[in-house]
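Working notes, structure below.
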Amino acid sequence: MANKEFYRFAKAYDIAFSGKDYKEEIRFIDWCFIKHAKVGSSNRSALELACGPARHAIELSRTKWKTYAIDLSSDMIEYAEILAKKEKADISFICGDMLDYKLDEPTAITTIFTESITHILTNEDLIKHLKCVSANMLPGGLYIIETAHP
């Protein structure tokens with residue numbers, strides 16, 4: 001995993017990624033949901049894994065998604081909760097591991113942005129992760145992964 005100390009500086013992390021167009025990325029999530037999800041259009045529930053400052057989760061909440069956000073760093077979760085409160089975003093935050101988590105109810109969409117999937121370093125951990133994602137999603141739901149494009 002990357003240097004964990006960096007994630008203690010949540011505000012610096014947030015500034016480093018402040019150039020992202022979160023609203024446009026959430027429009028893409030909406031399009032994916034309408035076009036490809038097989039869960040029914042009324043089930044707008046989403047999870048942002050490795051959420052960091054939870055900027056995507058905040059935007060999802062603004063567009064009326066029931067939203068969850070998970071991060072391994074308690075510093076990130078604390079910072080994200082402050083941002084969400086300022087933005088009046090209704091998000092259920094979980095300080096936890098993307099390899100092993102349990103939601104109260106499954107979601108229609110799970111997302112992982114900013115190449116956070118690359119923190120999974122072994123095939124065994126990737127399989128564990130994918131099984132966990134599947135166990136916490138509705139049948140016919142979508143898992144959307146942002147990675148670098150060659």
Side-chain angles (χ1 to χ4, degrees), residues 1-34 36-37 39 42-121 125-126 128-148:
M1 183 172 234
N3 181 349
K4 291 181 183 179
E5 284 297 306
F6 177 71
Y7 299 104
R8 292 186 55 228
F9 303 103
K11 187 170 185 164
Y13 181 94
D14 194 22
I15 291 167
F17 292 98
S18 63
K20 290 179 68 86
D21 188 345
Y22 296 102
K23 288 180 183 180
E24 186 59 33
E25 289 181 3
I26 297 312
R27 278 194 279 276
F28 173 73
I29 299 301
D30 281 327
W31 176 85
C32 288
F33 179 73
I34 292 165
H36 299 290
V39 296
S42 64
N43 193 339
R44 294 171 60 86
S45 57
L47 167 63
E48 181 182 3
L49 291 171
C51 69
R55 294 291 182 176
H56 291 97
I58 290 169
E59 286 299 324
L60 282 162
S61 178
R62 282 186 180 147
T63 58
K64 307 302 182 214
W65 284 82
K66 182 175 183 177
T67 310
Y68 300 87
I70 293 176
D71 201 280
L72 188 57
S73 167
S74 59
D75 293 308
M76 284 292 186
I77 291 294
E78 184 178 317
Y79 181 77
E81 288 174 330
I82 292 167
L83 291 178
K85 186 175 181 180
K86 283 182 187 175
E87 300 289 335
K88 297 179 176 59
D90 184 17
I91 301 168
S92 296
F93 286 99
I94 301 164
C95 187
D97 192 333
M98 67 178 156
L99 300 182
D100 186 24
Y101 62 91
K102 177 72 174 130
L103 299 177
D104 292 336
E105 55 189 65
T107 59
I109 288 186
T110 298
T111 63
I112 189 164
F113 291 99
T114 322
E115 298 187 48
S116 294
I117 194 96
T118 63
H119 292 289
I120 300 172
L121 301 177
D125 281 349
L126 182 59
K128 183 177 181 180
H129 169 74
L130 293 172
K131 285 180 178 180
C132 186
V133 169
S134 177
N136 286 279
M137 283 185 58
L138 292 168
L142 299 178
Y143 183 27
I144 298 171
I145 303 168
E146 178 187 43
T147 62

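Remember, it's a predicted structure, so these values are computed and weren't measured experimentally.
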Which atoms form the tightest heavy-atom contact between [X] and [Y], and what is the distance?
{"X": "Leu83", "Y": "Pro53", "value": "CD1-O, 3.6 Å"}
{"X": "Pro106", "Y": "Met137", "value": "CB-C, 3.5 Å"}
{"X": "Phe113", "Y": "Ile29", "value": "CZ-CD1, 3.9 Å"}
{"X": "Val39", "Y": "Phe33", "value": "CG2-CE1, 3.7 Å"}

From [atom1] ([X]) to [atom2] ([Y]), nearest 0.5 Å:
{"X": "Leu49", "Y": "Asp97", "atom1": "CG", "atom2": "CG", "result": "10.0 Å"}
{"X": "Cys51", "Y": "Asp71", "atom1": "SG", "atom2": "CG", "result": "4.5 Å"}
{"X": "Ser74", "Y": "Glu81", "atom1": "OG", "atom2": "CD", "result": "10.0 Å"}
{"X": "Ile117", "Y": "Ile145", "atom1": "CD1", "atom2": "CD1", "result": "4.5 Å"}
{"X": "Thr111", "Y": "Leu60", "atom1": "OG1", "atom2": "CG", "result": "6.5 Å"}
{"X": "His56", "Y": "Thr114", "atom1": "NE2", "atom2": "OG1", "result": "6.0 Å"}

Taking the side chain from [X] and the backbone from [Y], do they hold a donor-acceptor pair closer than 3.5 Å?
{"X": "Thr67", "Y": "Trp65", "answer": "yes"}
{"X": "Thr107", "Y": "Leu138", "answer": "no"}
{"X": "Ser18", "Y": "Ile15", "answer": "yes"}
{"X": "Asn136", "Y": "Leu103", "answer": "yes"}

Which residues pass the side-chain hydrogen bond (donor to acceptor under 3.5 Å, both in side chains) test with Tyr79, not counting sequence neighbours? Asp14

Would you call the rings of His129 and Tyr143 parallel, tilted or perpendicular, taking 30° and 60° as the class edges? tilted

So, are Lys20 and Glu146 salt-bridged, with charged N and O less than 4.0 Å apart? yes

Evaluate Ile120 against Met98 for side-chain contact (heavy atoms from CB on, under 4.5 Å), listing each step before the verdict. CA-CA 9 Å; Ile120 300 172; Met98 67 178 156; 3.9 Å; yes

For Asp21, does the CG atom have more than 12 heavy-atom neighbours from other residues, nucleotides or ligands under 6.0 Å away? yes

For Asp125, what residues pass the salt bridge (Lys or Arg N to Asp or Glu O under 4.0 Å) criterion, not counting sequence neighbours? none

Report the residues that fulfil salt bridge (Lys or Arg N to Asp or Glu O under 4.0 Å) with Glu115, sequence neighbours left out, ordered by chain and then residue number. none

Decide yes or no for Ile58 and Ile91: does some side-chain heavy atom of the first lie under 4.5 Å from some side-chain heavy atom of the second? yes

Asp30: which of Lys64, Arg44, Lys23 passes salt bridge (charged side-chain N to carboxylate O under 4.0 Å, His left out): Arg44

